[in-house]
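One structure is given below, encoded as structure tokens.
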Amino acid sequence: RPVGGGPRYETSAAHPLLRALYELHQVSDILRQCTSFWSHIEGTVKELARSKDHAQSLLRYASKSHRLKERFDQRLMEYSAFWASLLLLCDQYCAEVQPALQQMSQFLRHAEVAADFSDAL
């Protein structure tokens, strides 16, 4: 089944160039989704850097006060939760993208074979 649930163009049912155009539109959609994901990851990494700086400041002073130690422990739990959610997001992304990547790879292999066959004629 093609990505996006659109019509499937079989080589025998439509001109190979029409099928290739349809598949390229699917690739474009997938790449747009990947770009959105990685843009979100960029913001996440910036947030992690900010959290790291804050945690380092807390760590310097945490040993001097029980109250600061408690705050440090709280921030550490938040930091751990943030990493856990990032891991979940990345795992979900990989699971969602993998079938489409396999389908694109298969399509490209078929297109290369078809082009080679066409060149041989």
Side-chain angles (χ1 to χ4, degrees):
R1 192 177 138 236
V3 175
R8 180 151 184 117
Y9 293 104
E10 298 298 331
T11 309
S12 61
H15 192 279
L17 290 177
L18 291 176
R19 183 171 186 266
L21 183 61
Y22 172 76
E23 296 289 341
L24 286 174
H25 284 293
Q26 287 183 310
V27 169
S28 178
D29 289 342
I30 291 168
L31 291 175
R32 197 173 305 115
Q33 291 171 3
C34 290
T35 300
S36 173
F37 172 81
W38 288 111
S39 294
H40 180 73
I41 291 298
E42 179 182 11
T44 300
V45 169
K46 286 179 182 177
E47 176 65 22
L48 285 172
R50 189 190 64 75
S51 295
K52 176 187 151 234
D53 293 342
H54 189 238
Q56 285 176 335
S57 295
L58 277 175
L59 184 56
R60 264 182 280 199
Y61 299 103
S63 61
K64 297 177 182 178
S65 155
H66 180 69
R67 195 175 113 240
L68 285 176
K69 173 73 168 100
E70 287 176 352
R71 183 168 170 88
F72 175 78
D73 289 341
Q74 176 189 0
R75 293 292 184 204
L76 184 60
M77 287 186 343
E78 290 171 1
Y79 190 73
S80 296
F82 190 79
W83 274 106
S85 69
L86 180 61
L87 175 63
L88 182 63
L89 179 67
C90 290
D91 285 344
Q92 180 183 6
Y93 171 78
C94 290
E96 289 175 3
V97 170
Q98 186 63 30
L101 290 175
Q102 288 175 339
Q103 184 180 8
M104 283 190 307
S105 178
Q106 182 180 12
F107 169 74
L108 291 174
R109 277 193 306 273
H110 288 297
E112 288 171 350
V113 169
D116 291 343
F117 181 74
S118 176
D119 287 345
L121 295 179

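What you see below is based on every heavy atom in this structure, not just the backbone, and it leaves out hydrogens, waters and symmetry mates.
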Among residues at least two apart in sequence or on other chains, which ones pass salt bridge (charged side-chain N to carboxylate O under 4.0 Å, His left out) with Arg67? none
Applying salt bridge (charged side-chain N to carboxylate O under 4.0 Å, His left out), can you list everything that pairs with Glu78, at least two apart in sequence or on another chain? Arg75
Taking C-beta and beyond as the side chain, do Thr44 and His40 meet within less than 4.5 Å on heavy atoms? yes
For Phe82, check ring-ring contact (aromatic ring centres under 6.0 Å, His included) against everything at least two apart and list the hits. none
Distance check, rounded to the nearest 0.5 Å: Ile41 atom CD1 versus Leu89 atom CG? 5.0 Å
First locate atom NZ of Lys69, then atom OG of Ser65, and finally report the distance between them rounded to the nearest 0.5 Å. 11.0 Å
Gap between atom SG of Cys94 and atom CZ of Phe37 - 0.5 Å precision: 7.0 Å
Assess, by modelled atom type and distance only, whether the side chains of Arg32 and Ser36 contain a donor and an acceptor separated by less than 3.5 Å. no
Ser80 side chain to Leu76 backbone, donor-acceptor under 3.5 Å: yes
Mind checking the CG-SG spacing from Leu86 to Cys90? Nearest 0.5 Å is all I need. 4.5 Å
Spacing of CG belonging to Leu88 relative to CH2 belonging to Trp83, to within rounding of 0.5 Å: 14.5 Å
Stepwise side-chain hydrogen bond (donor to acceptor under 3.5 Å, both in side chains) test for Glu96 and Gln92: CA-CA 6 Å; Glu96 289 175 3; Gln92 180 183 6; 3.2 Å; yes
Gap between atom CD of Gln33 and atom OH of Tyr93 - 0.5 Å precision: 9.0 Å
